[in-house]
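For reference, the structure discussed in these notes is given below.
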Amino acid sequence: MRDVKERDVRYEKLERLEKDRDIDVFGHRLDKVVPIAEIRKLEDGTEVEAVGRLHAKRAHGKLTFGDIRDWSGRIQIALEKPVLGSEAYNLFRKYADIGDTIWVKGELFHTQRGELTIAVKEWKWMTKSLRPLPEKWHGLRDVELRSRHRYLDLIMNPDSMKTFMLRSQIITAIRKFLYDRGFIEVETPVLQPIYGGASARPFITHHNALDIDLYLRIAPELYLKRLIVGGFPKVFEMGKNFRNEGIDSMHNPEFSMMELYQAYADYTDIMNLVEDLFVYLVETLEIPQPIKWLGKEVYVKKPFPRIPYKEAFAHFTDGKITWDMIDTEEKAKKVFEDLGLEMKKPPVWINYVQEIFDSIVQPKIVNPTFIIDYPLEISPLAKKKKDDPNFVERFELFVAGVELANAFSELQDPRDQLERFKKQVEARRQGDDEAMAEIDEDYIIALEYGLPPTGGLGVGIDRLVMFLTGKDSIRDVILFPLLRPKKISDADLGESEEE
RNA sequence: GAGCCGUUAGCUCAGUCGGUAGAGCACCGGCCUUUUAAGCCGGGUGUCGCAGGUUCGAGCCCUGCACGGCUCACCA
């Protein structure tokens, strides 16, 4: 046999179709496109037009069955030689390959086995597929190929298509929820001369005309709060943040974030809003509960528990670790060491406490839970509690041990903010390369003009989508996650020979 | 960044003790009017991730590299 590669076979078919039969396999526009799922609802006898990718072909001499699929579903087609005539029939038999996208016109009927089928009277190509599809039964399994060639994943794995459709619906629903509550959607700079609003290493780029370095934002926070200073009552932004850090099943260097700010609100208002939002999403998107995520069964049900940071230790350790056991550096260090933990950060009180929280408290949380009132040290943009200035009006929402949201009553006092910025810059000088490099003086000036009391929120969209779709890897909910580029060889493009 | 694991046909995978490359699907040729992972007959299409090394002989053993996965570290 001469044809060694399927791709070559298909290119030869393409040439024969074009040269010998003058057929244009790269089709043209259609007046109407009905999703296959909609066609499936119609009665037998209805004449329908359908388009889809051919996923299977079962030929029986003068009768050939096929399966076509689109994003919404699959349907069987049947082509009979006497109906189509030998020209159109043989064209399908010999030249329509699995992977081709075709248009068919015909009547709906049920086969002897009861399968809804289109009895095709007419068909044509929408486009030719020149490469063989992955195997029909197992689909495309290889995790790397699924991310690298997402189109193949979407073609082969209906579950993947469903996940990304749901992602889009989640984002639409979040917008609707916020619009309905009077939030105004805004866009703030992705390219920032000074980065802030979070602690992370940034990507650096350069603007040629101005000859300045710029940073890709690690958060939109400081710009959004300037808008509250300017008089916007409620704003939100949904978009990409960029953090120049490691990649794992919870982190992608570019990720989607929704931040919102509401004037004259505080973190308790935001907590109520988050609770409402989660319930709204689960209800409107009809997500069945419990949601199985990261090996846990999660129920989204109001009210979400609200546990102060200080009390969380006792709460999740059955009283074995209490706040008064860790409220000084010396005591916290002892508990830390008794737990067999190893300190990789500067050995100060807050780091011992945070490490204990991360390893003992956080993993125990299953259902949506607000941890509230964080230590001041780890919250440089949050407002202090009136009755306890060592803590701030802040909460984080955890689900299945994962942080999904972070919010606080915003710090309004420019003097306090400047001091905290200075501490950040000092930490930076001490070697913390995730602390702020530079004080955002304009932001301090904005605070001097006056930030009204404001509640702010950030929600990690990718993680939220992971949760609502039950996916354990962020790569399953980002269409094109960052991968190290792989060279495509000439052979892969079929140009190794004399072509 | 560290440890472990993986990389064999387009895809999903097998490959024993180191003896010269396998299956299913897909594909090619043929038969077939109710199949649906259609079936039957015939056909194997390969840079065994890459580069070295050991060996009479390497998919298999050794070294380095590349890409990926998991765990850890990092990520308030």
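Residue numbering restarts at 1 for every chain, and letters A, B, ... go by the order of the sequence lines.
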Touch class at under 4.0 angstrom, heavy-atom based, for A:E80 against every strand present: base
B:C60 versus B:A9 - spacing of their P atoms, nearest Å: 15 Å
Whole-angstrom distance between B:C13 and B:C28, as gauged at atom C1': 23 Å
Touch class at under 4.0 angstrom, heavy-atom based, for A:L152 against every strand present: nothing
Candidates B:G10, B:C11, B:C70 - which lies nearest the side chain of A:P132: B:G10
Gap between atoms CG and C1', on A:L341 and B:C74 respectively (whole Å): 16 Å
Sugar-phosphate, base or nothing in reach of A:R243, heavy atoms under 4.0 Å: nothing
Check ion pair A:E337-A:K334 (N to O, under 4.0 angstrom): no
Options B:G69, B:U33, B:G24, nucleotide nearest the side-chain atoms of A:V143: B:G69
Charged tip of A:K383 within 45° of A:F408 ring normal and under 6.0 Å: no
Nucleotide nearest A:A59 (side chain, heavy atoms from C-beta), chosen from B:C32, B:G68, B:C27: B:C32
Interface with RNA chain B, restricted to residues 376-383 of chain A and to heavy atoms under 4.0 Å: A:I378, A:P380
Distance-only side-chain donor-acceptor flag, A:E393 / A:S409, under 3.5 Å: yes
Pair A:D153-A:S160, side-chain donor/acceptor within less than 3.5 Å: yes
Pair partner, B:U55 [Watson-Crick or wobble, under 3.5 Å]: none
Paired nucleotide for B:C60 [Watson-Crick or G-U wobble; both distances under 3.5 Å]: none
Ionic contact status for A:K333 with A:E329, cut-off 4.0 Å: no
Residue mapping more 5' on RNA chain B - nearest nucleotide basis, A:L145 or A:P82: A:L145
A:Y374 six-ring face occupied by A:R394 cation (under 6.0 Å, within 45°): yes
Whole-angstrom distance between B:C56 and B:U16, as gauged at atom P: 23 Å
Touch class at under 4.0 angstrom, heavy-atom based, for A:A78 against every strand present: nothing
Pairs meeting criterion ring pair (Phe, Tyr, Trp, His ring centres under 6.0 Å) with involvement of residues 78-109 of chain A, two or more places apart: A:F92-A:W123
Base B:U35 paired with A:Q76 side chain (donor-acceptor, <3.5 Å): yes
Rounded P spacing from B:G44 to B:G24 in Å: 12 Å
Minimum-distance pair of heavy atoms, taken over all atoms of A:D472 and A:L294: OD1-N, 3.1 Å
Aromatic contact, A:Y151 with A:H149 (centres under 6.0 Å): yes
Rounded interatomic separation in angstrom, taking CZ from A:F65 and P from B:A37: 13 Å
Closest nucleotide among B:C11, B:C28, B:U35 to the A:T117 side chain: B:U35
Base paired to B:C74 (Watson-Crick or G-U; both N/O distances under 3.5 angstrom): none
Under-4.0 Å side-chain N/O to phosphate OP1/OP2 contact, A:S199 with B:A76: yes
Salt bridge flag under 4.0 Å for residues A:D97 and A:K13: yes
For atom CG of A:L116 and atom C1' of B:U36, their distance in whole Å: 13 Å
Atom P, compared across B:G10 and B:G64: separation rounded to whole Å: 30 Å
Nearest to side-chain heavy atoms of A:K5, which nucleotide of B:G10, B:C28, B:U12: B:G10
Protein-nucleotide distance (A:R58, atom CZ; B:C32, atom C1'), rounded to Å: 15 Å
Distance, P atom - from B:G46 to B:C11, rounded to whole angstrom: 13 Å
Atom-to-atom span, CZ of A:R10 to P of B:G10 - whole angstrom: 14 Å
All ring-ring contact (aromatic ring centres under 6.0 Å, His included) counterparts of A:F304, not counting sequence neighbours: A:F370
Proximal nucleotide (of B:U12, B:U34, B:C28) relative to the A:R141 side chain: B:U12
Nucleic acid contacts of residues 466-478 of chain A, taken as heavy-atom distances under 4.0 Å to RNA chain B: A:R475
Every protein N/O within reach of nucleotides 5-7 of chain B N/O, cut-off under 3.5 Å:
none

Residue matched to B:U47 through Watson-Crick or wobble contacts both under 3.5 angstrom: none
A:K121 with A:E47: basic N within carboxylate O range, under 4.0 Å: yes
Given RNA chain B, 5'-ward residue of the pair A:D248 and A:G61, judged by closest heavy atom: A:G61
Nearest to side-chain heavy atoms of A:R484, which nucleotide of B:C25, B:A66, B:C32: B:A66
Proximal nucleotide (of B:G10, B:U33, B:A76) relative to the A:E135 side chain: B:G10
Sugar-phosphate, base or nothing in reach of A:G66, heavy atoms under 4.0 Å: nothing
Pair A:K385 + A:D388: basic N to acidic O under 4.0 Å: no
Touch class at under 4.0 angstrom, heavy-atom based, for A:D142 against every strand present: sugar-phosphate
Whole-Å gap separating C1' (B:U33) and CZ (A:F109): 11 Å
Separation between the C1' atoms of B:U8 and B:U45, rounded to whole Å: 14 Å
Rounded distance in Å - NZ (A:K62) to P (B:C31): 10 Å
Counter-base of B:A66, judged by Watson-Crick or G-U geometry with both distances under 3.5 Å: B:U7
Salt bridge flag under 4.0 Å for residues A:K423 and A:E426: no
Which residues share a ring-ring contact (aromatic ring centres under 6.0 Å, His included) with A:Y215, sequence neighbours left out: A:Y195
Interatomic distance, A:E342 CD vs B:C74 P [rounded to whole Å]: 10 Å
Strand partner of B:G42, provided both Watson-Crick or wobble distances fall under 3.5 Å: B:C28
Side-chain N or O of A:R113 closer than 4.0 Å to phosphate OP1/OP2 of B:U35: yes
Side chain to side chain, A:D413 and A:L447, heavy atoms closer than 4.5 Å: no
Whole-Å C1' distance, B:G68 and B:C50: 15 Å
N/O (side chain, A:K94) to phosphate O (OP1/OP2, B:G30) under 4.0 Å: yes
Complementary nucleotide for B:U36 - Watson-Crick or wobble, under 3.5 Å: none
